[in-house]
Structure formats: C-alpha cells, structure tokens
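Heads up: the structure comes next, in structure tokens.
Values reported hereafter were calculated over all heavy atoms of this structure, with side chains retained and with hydrogens, waters and symmetry mates removed. Just so we're on the same page: letters track the sequence lines, and every chain starts at 1.
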Amino acid sequence: MATGKGKKLVYISEDLLDKASKVSRAEGVSLSKLVEGALNEAVKVNELGYSSKQMADFFNVIQTHRVLGGSFVPSDVLDFMIKQCIKGDLAALEALWYDTGRWNGCYLKEKFPNPVDAFHSFLVLTRWDLNEVDVKSIGNDVRVRCISTVMDIGATKMLAKYVEGVMNGLDFKTERVDVLKGMIILKAKK
Amino acid sequence: MLAARDDLADAISKIAGRRGFTLFGYLNDLLELAIKVDGMGVSLKEAVDSYDLAREVKDASFTLVLESLLYDTAAIAFEKSNERTLKAWFDAGIWIAQRYLARGVKDPLAAYERELKVFGWNIPGISLEQSGKLVSFRILSPRFSESYTVLFNRFLEGFLDGSGYGVTFNEVGRGNIRLEAVKKGS
C-alpha cells in the first residue's frame, strides 16, 4: 500500500479493474469513487458482523426470492394459519407445500451450479425460525437436518413437505423423513 | 493502483488482517461483490442497506415465505376461521407497531413504510402520507388474493392502532387498500 497526501494507493487486479471501470461508467461515478464507496460499505458490513461473502450469498438468495415471489409475514400469523388449515384438509395443505417446494427445486436446479448448496443457503438465510440447518451432499445422497426451538408440529410438518418437494425438484427421491416438533431429518437419493 | 481515502484504507487493512486476508485479496473480493450486485441491478450501498434492513425484519420475527403458499394458506385459514384469523393479523400489526415504539422509533409508520418499500416485492404501490395528526395509507397490489387483501388490511389496522391511530376511513377491494386514520386523543 503506497501512501500519498490523505490518500493511499491500493492494488487491484487488472481484470477486476476493467469490470469495475464498466460499473463505474454505468453508475456515472469515477473509479476512485466506486472503490471508495465499496470500502465504505465493507466497513459497514464488518460492523454488522458479517463478511462480504455472506452478504453476497444473502443478496443472491434474496434476489431469488424476489424472482420466485417471496413475502414477509409475521411468524405467529403464519403458524396460526397453518394450524387453522390443518384442522381442515391436511392432505391438501401438504400437497400445496410440497408442490411449491418442487417448483422451487426445479428453479434452483436451473439457476445455481450447485443447487444443493444453494438450497442450504436458501434455508439458512431466509428461514430465521430455524436454529440449525444442515444440507449435505454425500455421494448420491443428500441429508437435510433442520432444528427449530420455536416451530410447532404443524409448521414443522409443512416445512418437511416443502423440503421433500425441493428434493424432488432437484431430482432426488426421499428415502426417509423423520418429523418431530421443531425437527426434520430427511435423507434423499439421486 | 487506485487511490483511496487514508482512513478507509486503514480501516479496511485492519478488517482484512482480522479476517485473515491480505489487503489485496480483501479489496479484490470487495470489488467482485460490487460488480456482482451491479449485475443484479443494484449498487453496493443499496445491497448493504437492504441487508441491514433484512436483519431488522428478521428481529421483528417475520418469516420469508413464498407468495403462492402464503395466499393459499391465508385463503384456507380465512375460510376455516374467519374471525380468529382476522384477529391474529390485527394482533400481529399491534405487536409490530409496539416493537418499533419500544425500540424508540419516533415514527413507526415511516419506518414500516421504508421496510415495506424494500421488501414488499409483491406490493408495487405503497403510499403513506402524513399531515399533522392525519395519516393516509394506500396499498395497491394486483398479486394479492381477495382474502389476503382483507387480512393485510386488518394487519395495517392493527399497526395503526398500535401506533396510536384510530381508523376513520377504510376501503378494501382485491389488491387495493385505502386507510385513513387520526392520532388518538386529538
């Protein structure tokens, strides 16, 4: 890092510099301003306790949700509605969550080079009601483990159906699924 | 080489060190991120701001669900237990408003409008006007189902109530909500 008057010179790789130049032109700012802005944001992200990589993953997932049609809803309200629905036609509600999962799985498969990892990020970054999420590829198998201390049995069952649907959309067949209140353990095979 | 402000370069150098990166590596990662989010049609600043906002939404115990699921689940719940479902949404509105107030937010309506504009992807038309003690909310969304519109309206009513406003006018049609309210005690 070379030092100037109130400024420091920082190294940037040439290919990135070319791409960054295009972005700065598109945004109508100088390259120095773009870099300075990026540095500012990096400090902010660091203060939030995250890395730029986590933020990139998060943003990718959020963008995917935007495309798929995501909506924020108070957790209590969602749980309440699921309970009401379960009192009626449980099979129809399960089919609804499964089909939505299947559709999402197909989308993830088309959009991401590693859709299983993408699904892991998807759950971690958007299902804030889950305390633990583990989605692992082992050879031709995928194992999914979701743990929540706040989800009731109804919401857990619906999420399990959604996960099964996603697995199906990713061309995996569910071999075993255990659902307890706040716990889903699923094994699927290619 | 590019020139960067002294204080920023120093701060980044420290962060890079703490995270086990070289300054070169960290800076290049950062620029890659800026280029990536630009490809998604937003600036890095917008991305960071929405990230920050998402944390607030998360802390307010919102869950991100898919619209199709939400609308269908809402329709079934509404049909099964109309009054109790409406109450659940109204209570949620009150709770969210009171959470803002408890955190010292002076204008919960403006704060909620800000969050809704960033994350209300299913609501292209959001307008909030405040004039003295009067407030006017307008929500337009062709994607809302009929039952979801009614439930969301109830949520907003709860939110206004929790923020200390009494509803004076309400018009609800599929995907279209108009609410006017006045500060209580005025």
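- Ranked by heavy-atom pairs shorter than 4.5 Å toward chain A, the options B:Lys80, B:Arg84, B:Glu79, B:Lys14 are led by B:Arg84.
- With a 4.5 Å cut-off on non-hydrogen atoms, A:Thr100 touches chain B through its side chain but not through its backbone.
- For chain A, the option among B:Leu70, B:Ile76, B:Leu66 with the highest count of heavy-atom pairs below 4.5 Å is B:Leu66.
- The backbone N or O of B:Ser163 sits less than 3.5 Å from a side-chain atom of B:Lys183, completing a donor-acceptor pair.
- For the pair A:Arg145 and A:Glu132, the salt-bridge criterion is met [side-chain N within less than 4.0 Å of a carboxylate O].
- Interface remark: A:Phe72 contributes backbone and side-chain atoms alike to the contact with chain B (heavy atom separation under 4.5 Å).
- Side-chain contact check for B:Tyr165 and B:Glu180: no donor-acceptor pair (N or O, by modelled atom type) lies under 3.5 Å.
- Among A:Arg176, A:Lys173, A:Lys189, the one residue that satisfies the salt bridge (Lys or Arg N to Asp or Glu O under 4.0 Å) test with A:Asp141 is A:Lys189.
- Most heavy-atom pairs under 4.5 Å with chain A: of the set B:Asp72, B:Asp7, B:Ile96, this distinction falls to B:Asp72.
- A:Leu96 touches chain B through backbone and side chain together, each having a heavy atom under 4.5 Å away.
- Side-chain heavy atoms closer than 4.5 Å link hydrophobic residues (I, L, V, M, F, W, Y) into clusters, and following such links, even through other members, never connects A:Leu180 to A:Met151.
- Chosen from B:Phe78, B:Trp121, B:Phe155, B:Tyr71, the residue pairing most often with chain A at heavy-atom distances under 4.5 Å is B:Trp121.
- Counting non-hydrogen atoms of neighbouring residues, nucleotides and ligands closer than 6.0 angstrom, the NZ atom of A:Lys136 reaches no more than 12 such neighbours.
- Both the backbone and the side chain of A:Ile82 come within contact range of chain B, with heavy atoms under 4.5 Å apart.
- Among B:Asn122, B:Thr73, B:Asp91, B:Ile123, the residue making the largest number of heavy-atom pairs under 4.5 Å with chain A is B:Thr73.
- Taking the centre of each ring, B:Trp95 and B:Phe90 stay at or above the 6.0 Å mark.
- With chain A as partner, the option from B:Arg18, B:Glu67, B:Glu32 having the largest number of non-hydrogen pairs under 4.5 angstrom is B:Glu67.
- Cluster annotation: A:Val177 and A:Tyr162 are assigned to the same hydrophobic cluster (Ile/Leu/Val/Met/Phe/Trp/Tyr, side-chain heavy-atom contacts under 4.5 Å, transitive).
- Residue A:Asp99 does not touch chain B at all, counting heavy-atom pairs closer than 4.5 Å.
- Among A:Gln84, A:Arg127, A:Lys22, the residue with the largest count of heavy-atom pairs under 4.5 Å with chain B is A:Gln84.
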